[in-house]
Amino acid sequence: ITLMSTDGPDETIIQLGSGVGIEITTGADGFVLGGSEGHGFKILSAETGTTFAVQIVNNPNNVEISYNVINTTGSASMAINIGAGGATNLTIKYNEFITEEGDNAIVGGSAAGPIVNPTVSDNTFTSTPGSTSGIAVQFTDTENATITGNTINNYGTGICLHGQNDGSVTNVTISDNTISGCKKGIAIGHSSTTDTISNVTMELNTISSNGKGLWIDSDSGIRVGTLTVENNTFSNNAEYGLENTHTDEINATLNWWGDDTGPSEIGSGYGDAVSTNVLYAPWLGMYEKSIEPTLVKGGYTGLFSVTVKNT
């Protein structure tokens, strides 16, 4: 079943009331909400009484939520909740999420029914500037997840992974996202992390103007040696580009730290700070050198410059 509008979210509004607005559950395999450009909905929280705009429970398969505007301003605390029983092959793409301080946009995962093969791609997430709480995307007890191509602004945490309740997070790719204005851009682990987080790849993300760009929790369940942090841009993050509070060292080589001289604090450069237990060299830009000698040949005197990159 595909539920779509004829005139798109600018003209077609679903005004929510009390409780859960739209629930997608067992038997809704293949359900699509929106589905194509110009055929989604504007889904609005009520001023009082709304809990979640959309809730997915009891493991429906191949559900797609796309091309909608989901606005939790008002009473809703969450745009999309993936609850008990989880979901399989869930796709959330090309939506615009508008939230406020403390609201979560996408949260889910339960050991009683994990999220398997979810994709969150090409969405825009916007919360209140200066927010210190609220999360754009959080997965708990999830496997084979892809979070890519999203733009995230002004959350307590942009993307958060953590395991709890005898579940785990494994085989996750976080790539090509632009994250700014958050207290933490990406958080691996959480104060309530109790279970395994492993095989997470973070690459080609632009993480700038946050408090901390990437933060790694100290919990022993995080398998730091299985995390890949490569080819990302960290710049203008106020406290740290990367803070690792774990006792195991993270390999964060081949990233850009906002300056050719490399990261600061533990590093000796002028870029974003990195903490202890971060292997940061070589970094992108490390081998860029500009030379301007005087060249005399055949009676000609002039200047030239040579740039050598990553050799």
Side-chain angles (χ1 to χ4, degrees), residues 137 139 142 145-148 152 157-163 168-180 182-191 193 195-290 307-311:
V137 181
F139 281 149
T142 302
T146 301
I147 304 169
T148 186
I152 299 172
T157 303
I159 298 171
C160 179
L161 304 179
H162 74 99
S168 63
V169 176
T170 187
N171 298 327
V172 178
T173 297
I174 301 172
S175 65
D176 291 292
N177 300 286
T178 300
I179 306 172
S180 64
C182 299
K183 187 176 179 181
K184 294 175 183 173
I186 299 175
I188 304 300
H190 191 277
S191 58
T193 291
D195 297 290
T196 302
I197 299 175
S198 62
N199 299 316
V200 179
T201 297
M202 291 162 277
E203 60 184 4
L204 301 172
N205 299 287
T206 299
I207 305 170
S208 63
S209 301
N210 303 284
K212 299 176 182 180
L214 169 59
W215 178 83
I216 300 173
D217 188 46
S218 60
D219 190 86
S220 60
I222 300 173
R223 305 294 189 252
V224 174
T226 71
L227 308 182
T228 300
V229 182
E230 193 171 88
N231 292 313
N232 300 285
T233 294
F234 296 93
S235 65
N236 297 314
N237 295 291
E239 297 177 59
Y240 285 98
L242 197 167
E243 183 183 25
N244 180 18
T245 66
H246 204 281
T247 55
D248 292 344
E249 185 177 68
I250 179 73
N251 186 338
T253 57
L254 298 179
N255 292 284
W256 167 251
W257 300 101
D259 195 281
D260 282 350
T261 60
S264 58
E265 191 159 309
I266 296 304
S268 59
Y270 296 98
D272 278 17
V274 296
S275 71
T276 55
N277 294 322
V278 175
L279 178 63
Y280 57 83
W283 57 85
L284 296 181
M286 181 176 182
Y287 298 114
E288 294 191 7
K289 303 293 181 186
S290 183
T307 301
V308 181
K309 296 186 177 180
N310 300 328
T311 57

* Separation between CD1 of I152 and OG1 of T157, rounded to the nearest 0.5 Å -> 10.5 Å
* Asked: Does any N or O in the side chain of D248 come within less than 3.5 Å of the main-chain N or O of G225, such that one atom is a donor and the other an acceptor?
  -> no
* Report yes or no: does S208 contribute a side-chain atom to a donor-acceptor pair with the main-chain N or O of S235 at less than 3.5 Å? => no
* Asked: Is a donor on one side and an acceptor on the other found under 3.5 Å between the side chain of W283 and the backbone of D260?
  -> yes
* With sequence neighbours left out, what residues match T178 under side-chain hydrogen bond (donor to acceptor under 3.5 Å, both in side chains)? -> none
* To do: Identify the two heavy atoms, one from N244 and one from N277, that lie closest to each other, and give their separation to 0.1 Å.
  => ND2-O, 2.9 Å
* Nearest atoms (heavy-atom pairs only) where G189 meets I222 -> CA-CD1, 3.9 Å
* **Pairing residues for T261 by the side-chain contact (heavy atoms from CB on, under 4.5 Å) criterion, not counting sequence neighbours** => D259, Y270
* Asked: So do L254 and P282 actually touch side chain to side chain, heavy atoms under 4.5 Å?
  -> yes
* Asked: Counting distance only, does the side-chain N/O of S264 pair as donor-acceptor with the main-chain N or O of G271 below 3.5 Å?
  -> yes
* Starting at SG of C182, measure out to CG of N237 and round the result to the nearest 0.5 Å. => 10.0 Å
* **D219 side, atom CG; T245 side, atom OG1 - distance, nearest 0.5 Å** => 9.5 Å
* Under the salt bridge (Lys or Arg N to Asp or Glu O under 4.0 Å) rule, what pairs show up with a residue in residues 265-282, not counting sequence neighbours? -> none
* To do: Dump the intermediate steps for side chain to side chain contact (heavy atoms under 4.5 Å, CB included) on M202 and I188, then the final yes or no.
  => CA-CA 11 Å; M202 291 162 277; I188 304 300; 4.1 Å; yes
* Asked: Please, which pairs that meet salt bridge (Lys or Arg N to Asp or Glu O under 4.0 Å) have at least one residue in residues 203-214, sequence neighbours excluded?
  -> K212-E243
* Asked: Excluding sequence neighbours, so at least two apart, what forms side-chain contact (heavy atoms from CB on, under 4.5 Å) with N236?
  -> S209
* Asked: In Å and rounded to the nearest 0.5 Å, what is the CD1 to OG distance from I250 to S275?
  -> 10.0 Å
* To do: Determine yes or no for a side-chain-to-main-chain donor-acceptor pair under 3.5 angstrom, with S168 supplying the side chain and I197 the backbone.
  => no
* **Sequence-distant partners of T253, side-chain hydrogen bond (donor to acceptor under 3.5 Å, both in side chains), two or more places apart** => N251
* Would a 4.5 Å heavy-atom cut-off, applied to side chains only, mark L161 and I174 as touching? -> yes
* Of all pairs that satisfy salt bridge (Lys or Arg N to Asp or Glu O under 4.0 Å), the ones with a partner from residues 223-239, not counting sequence neighbours -> none
* To do: Apply side-chain hydrogen bond (donor to acceptor under 3.5 Å, both in side chains) to N205 and list each qualifying residue two or more places apart in sequence or on a separate chain.
  => N177, N232
* Asked: Is the shortest heavy-atom distance from the side chain of V278 to the side chain of I266 under 4.5 Å?
  -> no
* Scan residues 232-263 for pairs that pass ring pair (Phe, Tyr, Trp, His ring centres under 6.0 Å), counting only residues two or more places apart or in two chains. => F234-W257
* Asked: Can you name the side-chain contact (heavy atoms from CB on, under 4.5 Å) partners of T170, sequence neighbours left out?
  -> E143, S198, N199
* Only counting residues at least two apart or in another chain, list the ones meeting side-chain hydrogen bond (donor to acceptor under 3.5 Å, both in side chains) with T173. => none
* With a 4.5 Å heavy-atom cut-off, do Y280 and N255 have their side chains touching? -> no
